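Scroll down for the structure; my scribbles are underneath it.
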Amino acid sequence: IDYRSKSPRNSSIEKLLGTKKIPDRSSKLWERVDYTYLASGVPGTVYGLLEAHKNFGVLSLEQIMKPVIEQAEKGIVVSSDLNYVIDVTPQLRSDNESYSIFFDNGEPLKEFSIMKRPDLANTFKEISKNGAKGFYEGVIADKIVEAMENNNGLITHDDLKNYKAFFRMPIAINYKGHKVYTAGPPSGGGITLLTALAILNNIDIKKYKSDSTKAYHYLAEALRRGHNNRSHFVGDPEYFDVPVTELLSLERIKELINSIDSNKASSIEEVAAFKPRKESKDTTHYSIIDKFGNAVSNTYTLGLSFGSGVTIPGTGILMNSQMNNFAYRYGKKGDISRGASPGNRFEPGKKPMSTMAPTIIFDENNELFLITGSPGGSDIPAAILRVITGVIDFDLDIGEATMLPRIHKDWPYVGLEHERAVSRDIVRRLKSMGHKTEYENTIGSTQSIHIINGTNNGFADLRRPNAGVSVQAN
């Protein structure tokens, strides 16, 4: 279900950035699409989750919403991690409503204190009673639009009322006997992940150790080509004819494989950009399986940590910062980056590209095998790729595969990011192969369920605090 947020219909580059000419990336004008009311696309999360419930749910909406409403009313215990991220998120201090929620006497909510959200509980009650109309029309919509009008925002009643999510076919490949399904456009993460897997289909990385220099080298080179494949011709399929078949074709994959040197890191120029014929690291992912074997892999995001930092007064709704994900430099000569992507060029009413890649895999017998996904912006495909290859190529259990040290290599950037757990010897060898290594604290945070002989084995990545595996008792 594609429920990506979309740009307001009356938006324009001049309204968003305050200038007709695209400013230099160092300009303060870009903060307008990061931290203000202008930063938010029309929200899609409520619509998307309700679409899932309408089509596949068993319990009533009132039953589902009851514990959610109770949690908002009774509050949650503030963890050390929540206390920390509130403190280091400057946009929360800039918005009066957010400041009143997340700060007490000028200080971030203290660890072990209780954070209650009565306004959010009231919003949930409207959704519980009225479904999607309880959010996109009525009193909640009125408050959103009023706040937008009072703060130079662009979202209107028409934008909210006309928002729609779409059921889209997943994109897929066969990886060493396993059918891998993931999200297609407007996400570019699925293209990145499947491109990397298609390349590794032709490389026997199993003959190397999972934590070896060669394994890291091939993962890096496959990822770099995956990111190249999403950089120019992936965007909202309602606005751009994304050449998915061509991007994942045998011809294209062969072209990418042929540029890989087993002993040397490739340069930016050596990875040929696709020529058609005439992502913040703060995201949420969860994986679910029920007693009937129905599976969910869901990734969604506000963009930056705490999104734009804007909370709509009287609703508890924290708004996203998705308007910074468009390619505003489209058409700029000499710019080969994603910022100039034709597929992701800014247009009113359009959904921006993301790197999300929720994934479900079936084994050789068409039995459900693995449910996984990750937050992490452009790191998402790297995290998922490491888990998939860990389980399939190196025969590891889901815990071992999750905790393998990770690397990330993008395109057209030169750096190879690695976690601290990658040994110094391997980092030194990767440097000798021409990789420009850079230390990264963590890469992604996968949430996975591995099904073995009918038993569901869940593992929550330890890289980020407060994730966990939960089994419903009733």
Side-chain angles (χ1 to χ4, degrees), residues 5 34-37 39-40 43-46 49-50 61-129 134-135 139-140 143-144 146-147 151 280-286 298-322 375-376 442 445 447 460-470 472:
S5 57
D34 284 339
Y35 304 131
T36 72
Y37 273 80
S40 299
T45 298
V46 174
L49 296 182
L50 291 178
L61 186 57
E62 291 79 7
Q63 285 175 290
I64 290 172
M65 296 298 291
K66 185 173 183 289
V68 181
I69 293 167
E70 289 178 353
Q71 185 182 60
E73 289 177 332
K74 294 178 181 178
I76 63 168
V77 177
V78 175
S79 66
S80 60
D81 181 58
L82 179 55
N83 166 267
Y84 171 77
V85 294
I86 291 172
D87 191 31
V88 298
T89 305
Q91 64 265 38
L92 292 178
R93 300 175 188 269
S94 303
D95 181 76
N96 290 335
E97 189 74 6
S98 293
Y99 190 77
S100 71
I101 293 170
F102 296 104
F103 292 83
D104 184 25
N105 292 323
E107 295 294 325
L109 294 177
K110 288 183 170 55
E111 185 181 1
F112 304 123
S113 65
I114 304 296
M115 180 174 69
K116 297 182 179 181
R117 302 294 305 277
D119 287 345
L120 189 58
N122 290 332
T123 296
F124 289 149
K125 288 174 183 176
E126 287 293 322
I127 295 169
S128 179
K129 285 189 295 184
F135 182 88
V139 63
I140 301 302
K143 289 180 178 180
I144 293 172
E146 181 184 4
N151 295 276
S280 156
K281 300 184 178 183
D282 297 282
T283 309
T284 298
H285 180 87
Y286 56 79
N298 188 34
T299 314
Y300 63 107
T301 184
L302 285 177
L304 299 170
S305 182
F306 291 93
S308 62
V310 167
T311 299
I312 302 297
T315 69
I317 299 169
L318 191 63
M319 297 298 285
N320 66 74
S321 59
Q322 294 300 328
T442 60
S445 179
Q447 310 299 318
D461 203 324
L462 302 178
R463 286 171 174 82
R464 296 192 185 183
N466 302 319
V469 176
S470 177
Q472 187 169 331

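These figures come from a predicted structure and were not determined experimentally. Reckoned from all heavy atoms, side chains included, excluding hydrogens, waters and symmetry mates.
No donor-acceptor distance shorter than 3.5 angstrom exists from the side chain of Thr89 to the backbone of Gln91, with no hydrogens or angles considered. Side-chain N or O atoms of Ser79 include one that pairs as donor or acceptor with a backbone N or O of Leu82 at under 3.5 Å. In terms of modelled atom types and a separation under 3.5 Å, the side chain of Thr442 and the main chain of Arg463 share no donor-acceptor contact. When atom types are taken as modelled, the side chain of Asn83 and the backbone of Leu109 share a donor-acceptor pair closer than 3.5 angstrom. Using modelled atom types, no side-chain atom of Arg117 and backbone atom of Gly75 make a donor-acceptor pair closer than 3.5 Å. A donor-acceptor pair is defined here as one N or O able to donate and one able to accept, closer than 3.5 Å; no such pair exists between the side chain of His285 and the backbone of Tyr300.
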- Task: Go through the steps to decide whether Ile86 and Phe103 satisfy the test side chain to side chain contact (heavy atoms under 4.5 Å, CB included), and finish with yes or no.
- Result: CA-CA 8 Å; Ile86 291 172; Phe103 292 83; 3.8 Å; yes
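Donor-acceptor pairing under 3.5 Å is recorded for the side chains of Gln447 and Ser445. Under the 3.5 Å distance criterion, with hydrogens and angles disregarded, no donor-acceptor pair is assigned to the side chains of Asp34 and Ser321.
Between Arg93 and Asp87 a salt bridge is recorded (basic side-chain N to carboxylate O distance below 4.0 Å). Salt bridge status for Lys125 with Glu62: absent, with no side-chain N to carboxylate O gap under 4.0 Å.
Residue-environment remark: CG (Asn96) stays at or below the threshold of 12 foreign heavy atoms within 6.0 Å.
Here CD1 of Ile69 is found 12.0 Å from NZ of Lys74. Values are rounded to the nearest 0.5 Å.
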